[in-house]
Amino acid sequence: MAVGEILAIGHPVLRQPGRVLSDAEIRSPDVQQLIDDLIDTMRAANGAGIAAHQIGVPVRVTVMEVTHNPRYPYKPPIPLTVAINPIIEPLDDDVVEINEGCLSVPLRGNVLRHVNIRVRYQDRDGRPVDEVKRGLTAGTWQHECDHLDGVLFIDRVTDPATLATWEQFDAHQRAAFVERITAFVARVGS
Ligand code: ZN
């Protein structure tokens, strides 16, 4: 097990576009180790996902997993997913405002995300995957894939007045957000 140090906002690697990995690179011991390190680091930090950029490697690899997450208890489960060279395509114009956090940013804030997306990526064995994601799960995918382009959620915050520390979010915003997003999850199913 190797838990990496998570880079904080301001580190230049977080702003670099990530490099596409070849099939040979995906199968290499270095990239397989990177994937394992990402999984360990995400779990140790209670993240819903993490991108390779966040442990200092600007390549297009992200991992996601949601079980019972204490940071985001309202998020529907996501099985452990390794997404390499992912491409996101919105399926329609439906959007939802989600309050997001990030392991690299000590704030939360509201961003608009597509509700229905198609994702195409390679798994850790290099096999192509083509799936549809919806709701908060689609939001998590968009957040993680943004990292691979050097984009952070704060770049997409539509109203800076929604930015809050976790403590202030808990005190002033959490109850209303959880009520709204729980109804959304019940309607969309994910
Ligand atoms: Zn993040």
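Owing to the predicted nature of the structure, the values given are computational and were not obtained by experimental measurement.
Residue V129 is grouped with residue I117 when hydrophobic side chains (ILVMFWY) are merged at heavy-atom distances under 4.5 angstrom, including chains of intermediate members.
Grouping Ile, Leu, Val, Met, Phe, Trp and Tyr by side-chain contacts under 4.5 Å, direct or through others, puts I98 with Y72, Y74, V96, V115, L136, W166, F169, F177, V178, I181, F184, V185, V188. Within the hydrophobic cluster formed by Ile, Leu, Val, Met, Phe, Trp and Tyr side chains joined at under 4.5 Å, directly or through other members, M42 is accompanied by I6, L21, I26, V31, L34, I35, L38, I39, I50, I55, V57, V59, V61, V63, L80, V82, I84, L103. If you chain together ILVMFWY residues whose side-chain heavy atoms come under 4.5 Å of each other, L148 ends up in a group of its own.
Classification of D94 and R134 as a salt-bridged pair fails, no side-chain N sitting under 4.0 Å from a carboxylate O. A salt bridge links R113 and E100; the closest N-O separation between the charged side-chain nitrogens and carboxylate oxygens is under 4.0 Å.
Atom CG of D23 is separated from atom CD of E25 by 9.5 Å, given to the nearest 0.5 angstrom. To the nearest 0.5 angstrom, R108 atom CZ is 13.0 Å from Q168 atom CD. Between R120 atom CZ and I87 atom CD1 the span is 6.0 Å, to the nearest 0.5 Å. Note: K75 NZ to M64 CE = 10.0 Å, rounded to the nearest 0.5 Å.
Counting heavy atoms of neighbouring residues, nucleotides and ligands inside a 6.0 Å radius, atom CD of E167 does not exceed 12 of them. Atom CD of E179 sits in a sparse spot, with 12 or fewer heavy atoms from other residues, nucleotides or ligands closer than 6.0 Å. Environment of CG in D159: crowded, with over 12 heavy atoms of neighbouring residues, nucleotides or ligands closer than 6.0 Å.
Panel note: side chain S104, backbone L7; a donor-acceptor pair is recorded below 3.5 Å. Judged by distance alone, with hydrogens and angles left aside, the side-chain atoms of E131 form no donor-acceptor pair with the main-chain N or O of Y121 at under 3.5 Å. Panel note: side chain N85, backbone V20; no donor-acceptor pair is recorded below 3.5 Å. Here the side chain of H53 pairs no donor or acceptor atom with the backbone of G150 at under 3.5 angstrom. Looking only at distances, a side-chain donor or acceptor of R60 sits under 3.5 Å from a matching main-chain atom of G18.
Side chain to side chain, N46 and R71 fail the donor-acceptor criterion of an N or O pair below 3.5 Å. No hydrogens or angles considered: a donor-acceptor pair under 3.5 Å links the side chains of Q33 and D37.
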Step-by-step side chain to side chain contact (heavy atoms under 4.5 Å, CB included) determination, E144 to Q54: CA-CA 10 Å; E144 297 309 327; Q54 292 176 277; 4.0 Å; yes
Worked verdict on W141 versus T81 for side chain to side chain contact (heavy atoms under 4.5 Å, CB included): CA-CA 10 Å; W141 272 83; T81 304; 3.8 Å; yes
CA sep, side-chain torsions, deciding dist, call: V111, E97, side chain to side chain contact (heavy atoms under 4.5 Å, CB included): CA-CA 5 Å; V111 299; E97 189 172 46; over 6 Å; no
E65 and I78: CA distance, side-chain angles, deciding distance, side chain to side chain contact (heavy atoms under 4.5 Å, CB included) verdict: CA-CA 5 Å; E65 182 182 50; I78 300 176; 5.8 Å; no
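Within the 4.5 Å cutoff, side-chain heavy atoms of D155 are placed close to those of R15. The side-chain heavy atoms of D130 and R118, taken from C-beta on, include a pair separated by under 4.5 Å.
A pairwise comparison of heavy atoms in P160 and T158 identifies CD-O, 3.8 Å as the closest pair. In terms of heavy atoms, C145 sits closest to P86 at SG-CG, 3.6 Å. Nearest heavy atoms, V66 versus A48: CG2-CB, 3.7 Å. I9 and P106 get closest at one heavy-atom pair: CG2-CD, 4.2 Å. Between G109 and F153, the closest heavy-atom pair is N-CE1, 3.5 Å. Annotation for G101 and H143: closest pair O-CE1, 3.2 Å, computed over non-hydrogen atoms.
Screening E89, K133, Q142 for a side chain to side chain contact (heavy atoms under 4.5 Å, CB included) involving H114 leaves a single residue, Q142.
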